[in-house]
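One structure is given here, and the rest of the page talks about it.
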Amino acid sequence: MNNNIVVFGAQWGDEGKGRFVDFLAVRADAVVRFQGGNNAGHTVAVDGKYFKLRLIPSGILYPDVTNVLANGVVFDVKGFFDEVDNLKKDGVPCDNLVVSDRAHVVLPYHFELDGLSEAKRTSGEKIGTTKKGIGPTYMDKMERSGIRVCDFVNKDVFPSLLKRNVDAKNQLIQKVYGGEPFDYQKILEEYSALADRLRPYVKDTVKLLNDMVAAGKKLLFEGAQGALLDIDFGTYPFVTSSHPSSVGVPIGTGIAPNKIDSVVGVVKSYTSRVGAGPFVTELFDETGDFIREKGGEYGTVTGRPRRIGWLDLVVVKHSALISGMDKIALTRMDTLAGVDKIKVCVAYELDGEIIDHYPADLTVLERCKPVYKEFDGWTDDISKVREYKDLPESAKKYIETIEEITGAKISMIGVGPNRDEAVLVKNPYDE
Ligand code: GDP
Ligand code: IMO
Ligand code: MG
């Protein structure tokens with residue numbers, strides 16, 4: 001039996017992590033976000049009602065599950081309360097939320113700097129960030145000038161830290177970017193009120209989570225973004241500023257690696273990407289358009305159309321390797337229905353040689369050509385299928401190839417966005 005499970009995105013994000021975290025959360029005692037911030041957009045659909053979660057963990061619909069924003073998260077206080085208020089309007093009580101005292105706070109100048117630095121990049125350099133202040137907040141953390149939640153809610157500490165930061169950022173904003181300075185007093189007033197509201201949510205989550213582990217409770221770690229957006233292992237610099245792969249869990253929570261029992265990679269049965277950066281299997285034809293429109297592949301956070309391509313198993317294998325992925329939750333098999341011939345990239349051809357590892361150098365990656373294996377598609381509406389045996393034979397062949405090449409076992413298959421629209425092969429908590 002597994003107690004502590006990681007669910008992470010094995011591609012470039014938007015694989016369907018939120019829906020499978022929600023699906024598994026019924027068995028968990030806590031759902032824990034360990035990195036990123038409200039650059040994430042996780043959709044949970046229950047009986048046709050859609051909840052779009054950004055910062056708040058996808059276990060929030062279960063009142064008995066503790067939902068934790070751990071130390072590795074960058075915490076937008078305003079965004080957090082907007083989300084809480086919206087969820088409350090939808091009848092979700094949100095009484096089960098805890099915020100780490102060690103998480104770093106996103107402040108107004110971080111948003112501004114995110115936008116200004118993107119604007120300054122040439123068109124080929126633009127990352128296409130979500131402009132949620134993620135990069136600048138992690139920069140401050142690493143530079144050791146960031147403001148942690150425990151500092152933020154401490155009335156004796158926050159004003160002076162904020163003053164130092166606003167002064168420094170105003171220099172940068174005015175002198176480097178030619179932008180407008182921030183008013184320290186205004187931010188102090190607004191954010192001190194937010195700090196008062198936040199104080200009851202703040203806990204030492206390192207202790208909380210380790211006590212839960214010691215008591216044999218079940219933790220579910222919810223990745224945001226995807227492994228190919230990892231600052232170390234992704235398509236740098238076209239990445240986010242954190243560790244979305246399972247390597248982010250120990251550092252982002254204080255739970256030691258040997259406490260993790262299983263790692264589930266969420267894999268979309270094709271590939272999507274928002275923002276710039278390499279994408280070897282990208283489709284520019286009507287098949288790509290068909291999948292984008294059928295799947296409604298537009299960003300949850302920014303509304304941007306997502307770039308679409310065939311499933312790239314070189315990418316998924318890379319994610320599996322760095323994350324110790326032993327299981328796969330495969331999503332959107334229903335979206336592929338109606339595509340006549342489905343391709344899967346099984347290797348790259350690089351300057352006449354076949355490789356199956358993911359290169360770091362983007363100029364090398366640019367020369368990589370996909371080597372495809374082709375599958376017959378399926379036309380049946382599979383959204384009502386709940387048992388593996390009832391899937392079309394061609395879909396089974398597709399799934400078996402994914403298992404064979406990645407070496408991970410399929411545990412769940414999404415056949416629609418709703419909580420119940422899934423084929424459960426084996427619940428990861430039961431293995
Ligand atoms: P996340 O960021 O990984 O949580 O994924 P998003 O919520 O941003 O994007 C995934 C989208 O796919 C959402 O609109 C989900 O409702 C939807 N989705 C997830 N799994 C499935 C599936 O198996 N079939 C279909 N049709 N939609 C799915
Ligand atoms: P979820 O959790 C897809 C992308 C942005 C951009 C890059 C850096 O919903 O899967 P950032 O704002 O993080 O500095 O942007 O990362 N990105 C995502 N793409 N899904 C996400 O989250 C993403 N979060 C960030 O588009 O290319
Ligand atoms: Mg998303």
Side-chain angles (χ1 to χ4, degrees), residues 7-23 33 35-46 48-55 57-58 73-74 76 106 110-111 113-115 117-118 126-139 222-231 234-242 244 265-279 291 294-307 329-337 381-383 385 412-423:
V7 173
F8 79 102
Q11 291 148 315
W12 278 282
D14 304 325
E15 296 88 351
K17 299 174 290 293
R19 67 86 46 104
F20 274 125
V21 168
D22 163 78
F23 185 84
R33 277 281 306 272
Q35 45 70 234
N38 55 358
N39 49 346
H42 294 181
T43 317
V44 174
V46 186
K49 184 166 175 55
Y50 283 77
F51 297 89
K52 305 231 175 236
L53 304 167
R54 292 183 169 180
L55 200 46
S58 301
V73 163
V74 284
D76 168 9
V106 186
H110 292 125
F111 288 94
L113 284 166
D114 198 350
S117 63
E118 267 289 272
K126 284 191 199 305
I127 296 165
T129 75
T130 57
K131 299 204 173 72
K132 296 289 177 190
I134 306 298
T137 308
Y138 279 118
M139 278 167 74
E222 175 177 12
Q225 291 79 54
L228 273 289
L229 289 169
D230 189 292
I231 187 87
T235 46
Y236 190 91
F238 301 101
V239 291
T240 191
S241 302
S242 69
V266 184
V267 176
K268 199 178 268 197
S269 46
Y270 47 92
T271 309
S272 71
R273 174 162 203 176
V274 263
F279 187 169
I291 295 172
K294 184 167 181 212
E297 289 284 8
Y298 292 85
T300 313
V301 176
T302 57
R304 290 177 288 180
R306 294 177 182 149
R307 299 159 67 193
L330 187 69
T331 58
R332 285 191 172 272
M333 284 293 281
D334 56 309
T335 305
L336 278 186
D381 171 12
I382 58 171
S383 63
V385 174
M412 298 167 283
I413 301 160
V415 292
N418 281 285
R419 193 181 265 173
D420 63 321
E421 288 174 321
V423 172

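We're numbering straight along the sequence, starting at 1. Atoms within a ligand are numbered from 1 in the order they appear, just like the ligands themselves. Predicted, not measured: the structure shown is a model, and the values here were computed from it.
- You'll find the side chain of M412 reaches within 4.5 Å of the side chain of F23, heavy atoms only.
- Each of the atoms 1 (P), 2 (O), 10 (O) of ligand 2 lies under 4.0 Å from some heavy atom of K17.
- Remark: ligand 2 atoms within the under-4.0 Å shell around heavy atoms of V274 are 3 (C), 19 (N), 26 (O), 27 (O).
- Of the protein's non-hydrogen atoms, T240 OG1, 2.6 Å is the one closest to atom 13 (O) of ligand 2.
- Remark: ligand 2 atoms within the under-4.0 Å shell around heavy atoms of D14 are 1 (P), 3 (C), 9 (O), 10 (O), 20 (N).
- The residue from G9, S269, G18 that puts a heavy atom closest to atom 4 (O) of ligand 1 is G18.
- Taking every heavy atom of G414 and a limit of under 4.0 angstrom, the matching atoms of ligand 1 come to 23 (O).
- At least one N or O atom of Q225, backbone or side chain, sits closer than 3.5 Å to an N or O atom of ligand 2.
- Residue H42 places a heavy atom under 4.0 Å from ligand 2.
- Checked against a 3.5 angstrom limit, the closest N/O atoms of R304 and ligand 2 fall inside it.
- Heavy-atom distances between G9 and ligand 2 stay at or above 4.0 Å for every pair.
- Protein heavy atom closest to atom 17 (N) of ligand 2, with residue, atom name and distance, is L229 CD1, 3.8 Å.
- Each of the following atoms of ligand 1 lies closer than 4.0 Å to a heavy atom of R19: 19 (C), 20 (N), 21 (C), 22 (C), 23 (O).
- Counting atoms of ligand 1 from 1 in the listed order, those under 4.0 Å from a heavy atom of G416 are 21 (C), 22 (C), 23 (O), 24 (N), 25 (C), 26 (N).
- Only protein N, O or S atoms were considered, and those under 2.8 Å from the Mg ion (ligand 3) are D14 OD1, G41 O.
- When heavy-atom distances to ligand 1 are checked against a 4.0 Å cut-off, D14 comes that close through both its backbone and its side chain.
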